[in-house]
There are 2 protein chains.
Amino acid sequence: MGIAEEIKQKKFKTEYSKAVVNLIYTNSWLHQTHVKLFKPFGLTTPQFNILRILRGQHPEPSTVNLLIDRMLDKSSNASRIVDKLEEKGLVLRKQCGHDRRAVDVFISKEGLDLLSQLDKEMESWEKQSRKLSEEESKVLNDLLDKIRS
Amino acid sequence: MGIAEEIKQKKFKTEYSKAVVNLIYTNSWLHQTHVKLFKPFGLTTPQFNILRILRGQHPEPSTVNLLIDRMLDKSSNASRIVDKLEEKGLVLRKQCGHDRRAVDVFISKEGLDLLSQLDKEMESWEKQSRKLSEEESKVLNDLLDKIRS
DNA sequence: GTACATTAAATGTAACTACATCCTTTTCAA
DNA sequence: TTGAAAAGGATGTAGTTACATTTAATGTAC
């Protein structure tokens with residue numbers, strides 16, 4: 001079912017304005033599936049995102065500023081997300097050696113273990129529900145990059 | 001700049017998993033621009049979305065359930081968004097004639113006027129910042145529809 | 001008609017986001 | 001060296017979302 005039927009809007013002024021709506025709608029759809037996927041593991045989507053960035057840096061630490069810089073959703077509060085992850089024992093905070101304003105954030109063993117479980121979940125979800133080929137995905141990536149350019 | 005450079009993630013397992021991240025990131029980018037666009041008019045993005053649905057139905061009313069059904073972001077609370085719009089005089093609520101549980105929501109003259117102002121803003125924003133042709137937009141729409149299929 | 005399930009919407013609440021402000025440390029110009 | 005500006009992060013708060021519960025009206029089986 002196309003976006004027009006989905007939200008019962010018959011006409012769009014241009015294909016582009018339809019694409020803008022479609023992007024928002026598809027993102028919302030995707031977000032719902034992620035929420036359902038992460039919930040059994042007690043993680044929200046921003047928490048998952050931060051954990052993945054930390055793993056990307058591992059074993060090097062990340063400062064909070066680096067996390068903000070790389071977060072997908074710039075609007076959420078990195079400092080407080082790290083609070084939550086720390087409470088759960090998934091990350092560690094240490095004062096940075098050479099700049100005492102900065103904080104080094106590390107992913108813990110528990111964090112890495114949780115992520116590797118989630119990797120499996122994500123992978124099997126992708127396999128099951130994936131509708132695009134690699135070539136189609138490549139085209140989509142190029143178009144999305146172009147929108148923001 | 002492609003998504004990989006943008007969030008400094010060098011490698012993705014598949015083009016599809018890259019597209020998933022790209023979709024989230026691009027949506028966030030788009031959301032920021034909408035927030036900036038609507039702010040001078042005192043509207044949030046869900047409020048704008050609800051107003052547009054109401055205009056689509058106008059002069060027929062919409063029930064709250066219809067709004068929920070068509071909202072782009074299913075997670076937000078339609079009833080409370082209508083509260084805000086009502087406070088601002090942009091919509092009216094009336095008890096529905098033949099089902100007294102239901103509420104008919106109408107867009108007001110003020111609401112229509114505000115939207116037509118915003119239309120102009122949106123249009124000039126689209127003209128300025130638009131990077132995709134109609135054909136490219138069409139391809140994007142098809143791919144997004146396919147992801148959700 | 002009466003009881004029970006269902007539906008439409010509103011509301012309570014805990015958590016989260018958005019944004020401003022604060023605190024501490026660092027930088028840098030005079 | 002010292003005082004102002006800037007940077008990194010934490011925190012306060014108002015508003016919003018997520019989700020469960022409540023209230024009221026309708027539908028339905030008996």
Side-chain angles (χ1 to χ4, degrees), chain A residues 24 27-29 31-40 42-50 53-54 61-88 91-106, chain B residues 24 27-29 31-51 53-54 61-88 91-106:
Chain A
I24 297 169
N27 180 74
S28 174
W29 172 87
H31 186 251
Q32 294 310 320
T33 75
H34 282 166
V35 166
K36 280 183 199 123
L37 206 62
F38 301 155
K39 194 156 218 172
L43 283 187
T44 63
T45 52
Q47 287 169 5
F48 174 75
N49 185 219
I50 293 282
I53 297 169
L54 289 171
S62 313
T63 64
V64 172
N65 267 348
L66 182 143
L67 296 176
I68 292 170
D69 191 45
R70 303 199 182 171
M71 280 173 73
L72 298 179
D73 182 357
K74 304 295 187 195
S75 62
S76 51
N77 190 327
S79 189
R80 274 175 176 131
I81 296 171
V82 172
D83 284 349
K84 298 292 169 192
L85 293 172
E86 198 178 18
E87 280 170 27
K88 294 176 198 167
V91 308
L92 300 166
R93 257 195 267 235
K94 275 186 200 154
Q95 198 170 60
C96 176
H98 56 279
D99 184 343
R100 287 190 307 171
R101 288 172 304 184
V103 170
D104 281 340
V105 186
F106 300 81
Chain B
I24 298 169
N27 180 73
S28 174
W29 172 87
H31 185 251
Q32 292 311 318
T33 76
H34 282 166
V35 166
K36 279 185 200 123
L37 207 61
F38 300 156
K39 192 154 218 175
F41 298 88
L43 284 186
T44 63
T45 52
Q47 287 169 7
F48 174 74
N49 184 218
I50 293 282
L51 275 186
I53 297 169
L54 290 171
S62 314
T63 63
V64 171
N65 268 348
L66 182 142
L67 296 176
I68 291 170
D69 191 46
R70 303 200 183 170
M71 280 172 74
L72 298 179
D73 182 357
K74 304 295 187 195
S75 63
S76 50
N77 190 324
S79 189
R80 277 179 173 127
I81 296 171
V82 172
D83 283 350
K84 299 291 167 189
L85 293 171
E86 198 178 20
E87 282 170 25
K88 295 177 199 168
V91 308
L92 300 165
R93 257 194 269 234
K94 274 186 200 153
Q95 198 169 61
C96 176
H98 55 280
D99 184 344
R100 287 190 305 170
R101 290 170 303 182
V103 170
D104 281 340
V105 185
F106 300 82

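So that the names make sense, note that chain A is the first sequence line, chain B the second, and so on, each numbered from 1. Bear in mind that the values here come from a model prediction, so they are computed numbers and not experimental data.
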Quick one: closest heavy-atom pair of A/His31 and A/Thr45, and the distance?
NE2-OG1, 3.2 Å

Determine whether any donor atom in the side chain of B/Arg101 lies under 3.5 Å from an acceptor atom in the base of C/dT7, or the reverse, and answer yes or no.
yes

Assign each of A/Asn65 and B/Gln95 to its nearest nucleotide of DNA chain D by heavy atoms, then name whichever residue's nucleotide is nearer the 5' end.
A/Asn65

Need two values: the first and the last nucleotide of DNA chain D, 5' to 3', having an atom under 4.0 Å from any heavy-atom of chain B.
D/dT16 to D/dT26

A/Gln47 CD to C/dC16 P, in whole Å, measures 6 Å

Whichever of A/Ala78 and A/Lys39 has its nearest DNA chain D nucleotide further upstream toward 5'
A/Ala78

Looking at residues at least two apart in the chain, or sitting in another chain, which of them share a side chain to side chain contact (heavy atoms under 4.5 Å, CB included) with B/Asp104?
B/Pro61, B/Thr63, B/Cys96, B/Phe106

Ignoring hydrogens, what is the shortest heavy-atom contact between A/Glu86 and A/Val91? Give both atom names and the distance.
N-CG2, 3.6 Å

Less than 4.0 angstrom between a side-chain N/O of B/Arg93 and OP1 or OP2 of C/dA10, yes or no?
yes

What is the distance from atom CD1 of A/Ile24 to atom NE2 of B/His34, rounded to the nearest 0.5 Å?
5.5 Å

Nearest-Å distance for atom pair CD1/C1', residues B/Ile81 and C/dA10
14 Å

I'd like to know if the side chain of A/Asn49 reaches the main chain of A/Leu72, judged simply by a donor and an acceptor atom lying under 3.5 Å from each other, with no hydrogens or angles considered.
yes

Considering every strand and a 4.0 Å limit on heavy-atom distances, what is the contact class for A/Asn77: base, sugar-phosphate, or nothing?
base

Grab the two heavy atoms, one from A/Arg93 and one from A/Ser79, that are nearest each other, plus how far apart they are.
NH1-O, 3.9 Å

Residue closer to the 5' end of DNA chain C, B/His31 versus B/Ser62 (nearest nucleotide)
B/Ser62

When every non-hydrogen atom of A/Ile81 is compared with those of A/Met71, the smallest separation belongs to CD1-CE, 4.0 Å

Contact under 4.0 Å: A/Lys84 side-chain N or O vs C/dC16 OP1/OP2:
yes

Under 4.0 angstrom, heavy atoms only, what part of the nucleic acid is B/Asp83 near: base, sugar-phosphate, or nothing?
nothing

Take the protein atom CZ of A/Phe38 and the nucleotide atom P of C/dA15, then report the distance between them rounded to whole Å.
21 Å

